[in-house]
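Indexing begins at 1, ligand by ligand and atom by atom, following the structure's order.
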Amino acid sequence: MSGTSVDGIDAVACRVLGRGSRMRATVLQHVHAAYPSTLRRALLDAMSPATTTTETICDLNRQVGDAFAAAARRVMKRAGISARDTAVIGSHGQTLCHRPDAGSTLQIGCPAVIAQSTGCRVVADFRSADVAVGGQGAPLVPWTDWVLLRDTRRTRAVQNIGGIANVTCLPAKGGVDDVTAFDTGPGNMVMDELVRSFSRGGRRFDANGRLAARGRVCDAVLADWLSLPFFRRRPPKSCGREEFGRAFVAEALRRHARRRLRPEDWLATALALTIESIARAYETWLPKRERETRRDSKRFGLPPIDEVILCGGGSRNATLRRMLASRLGGVPIRRIEEFGFAAGAKEPVSFALLACARLDDVPANLPQVTGASRRVLLGSLTEP
Ligand SMILES: Nc1ncnc2c1ncn2[C@@H]1O[C@H](COP(=O)(O)OP(=O)(O)O)[C@@H](O)[C@H]1O
Ligand SMILES: [Mg+2]
């Protein structure tokens, strides 16, 4: 798996027992293989029409395939498993472009290269089938969140904070049709881009939110950002670099230049955007509890959940965790590590399970989540 942060590949080797909604996964090894900086820059350039060519994209498909294959071989070696022990590799690939409203999405990382290089069969291109039947093709992890993290007593919000932030709400005792999930907006993406820009490419992210913690939130910029139509849109909805990438940050820096904000103020404001968009999304779009009226939940500002489970790279940011806890006012925040997965391991485990679901003929998109017209099998199979 590599997400919209384009930071690198998270690969897991995991043992999967059971089928469909009864699957259980144990992580044997987890590897994070950072992209070499030249490949990372090439991928980011390839996401803007002005800075790419068809040839470049064609070659990157191969290079990303090689990088994914190397990560897979590394994690297999560390776990001490061979191709013969391996039922399947699930490869999300790297999203270059995601335009579900135009009916298209593109993840690169040639699966034939991964299959030939590892000797394993590969399931890849998970998003296309859902998009083909009218869905957003995202998020796809809600089904696996439900498989792995549902609870009989507590209503849980599984909040992933990658480049983009997405939530899966798992009501207590809820079935698969009760799951709500959508992208809440930017996770680390706006903060990462600001840091990149202020450090002239020298730094990739604000470690632990240290810079953001020193800054002051600019209410005018925050209000401007929060007025974007995306935040008002009713789910199903998904977003990516198209909404919150380089262009979004460049435009904000230009538009608000006269405010003379310091870098730390920009970071504080971008972090506030992540926190505020998550909290408002909970208040607006998560299902209300039966005993709560709309007015009650407004009055107390209570999201209708018993606990939040944080995952993704942003869950390693202590300032972010502190601010989210304070904004959600008393809802317990737990980290995914408590459930046996490293922060960066849960998403790749999800794609391992989605690959298993594909082999078991279990459709794994959730139409109420993606907006697809029906449940479909996700992913294409490539044999070595
Ligand atoms: N210690 C940390 N402090 C702050 N941010 C972090 C830390 N570790 C990781 N991150 C953030 O997490 C991002 C990567 O998260 P990840 O879950 O891999 O996202 P994606 O799925 O978009 O690739 C980094 O770009 C960075 O912004
Ligand atoms: Mg990542």
Exercise for review: Could you check which of N188, N160, L320 puts a non-hydrogen atom nearest to atom 11 (C) of ligand 1?
Suggested key: N188
Check your understanding: Just which atoms of ligand 1 are under 4.0 Å from any heavy atom in G314?
Key -> 12 (O)
**Study point:** Numbered atoms of ligand 1 (with element) below 4.0 Å of A207, judged on heavy atoms
**Key:** 3 (N)
Practice item. Decide, yes or no, whether a salt bridge links E193 with R241 under the criterion of side-chain N to carboxylate O below 4.0 Å. Key: no
Check your understanding: In terms of side-chain geometry, is the basic nitrogen of D224 or R255 positioned less than 4.0 Å from the acidic oxygen of its partner?
Key -> yes
Study note, to complete from the structure: Among G312, A345, S315, G313, closest by heavy atom to atom 8 (N) of ligand 1 is G313
Point to revise | NZ/NE/NH1/NH2 to OD/OE distance under 4.0 Å, D45 and R246 | key: yes
Exercise for review: Look at E338 together with R335 and state whether they make a salt bridge at an N to O cut-off of under 4.0 Å.
Suggested key: no
Exercise for review: Using a 4.0 Å heavy-atom threshold (strictly under), name the region of D192 that reaches ligand 1: side chain, backbone, both or neither.
Suggested key: side chain
Review point. Side chain, backbone, both or neither: which part of S5 has a heavy atom under 4.0 Å from ligand 1?
Key: both
Review point. Are E251 and R254 ion-paired here, with the side-chain N under 4.0 Å from a carboxylate O?
Key: yes
Check your understanding: Does ligand 1 have a heavy atom under 4.0 Å from the side chain of D206, from its backbone, from both, or from neither?
Key -> backbone
**Study point:** atom 3 (N) of ligand 1: nearest protein contact (heavy atom, Å)
**Key:** N208 N, 2.8 Å
Review point. Among protein heavy atoms, which lies nearest atom 1 (N) of ligand 1, and at what distance?
Key: R316 O, 3.7 Å
Practice item. Among all protein heavy atoms, pick the one closest to atom 23 (O) of ligand 1 and tell me residue, atom and distance. Key: D7 OD1, 3.0 Å
Review point. Rounded to the nearest 0.5 Å, what separation is found between the CG atom of L44 and the CZ atom of R196?
Key: 7.0 Å
Point to revise | Electrostatic pair D265-R262, nearest N-O below 4.0 angstrom | key: yes
Revision key, fill the gap. The atom of D7 among N, O or S that is nearest the Mg ion (ligand 2) is OD1
**Study point:** Close approach, G344 and ligand 1, non-hydrogen under 4.0 angstrom
**Key:** no
Review point. By number and element, which atoms of ligand 1 are closer than 4.0 Å to a non-hydrogen atom of G163?
Key: 19 (O), 20 (P), 22 (O)
Practice item. Could you check if a side-chain atom of W225 sits within less than 4.5 angstrom of a side-chain atom of V190, using non-hydrogen atoms only? Key: yes
Exercise for review: Using distance alone, determine whether F205 and ligand 1 share an N or O pair under 3.5 Å.
Suggested key: no
Practice item. Begin from the C-alpha positions of D101 and Q136 and carry the test side chain to side chain donor-acceptor pair (under 3.5 Å) through to its verdict. Key: CA-CA 7 Å; D101 298 332; Q136 294 279 306; 3.1 Å; yes
Exercise for review: Over 60° means perpendicular and under 30° means parallel, so classify the ring planes of H92 and F351, tilted if in between.
Suggested key: perpendicular
Study note, to complete from the structure: of all protein heavy atoms, closest to atom 21 (O) of ligand 1 is G3 CA, 3.4 Å
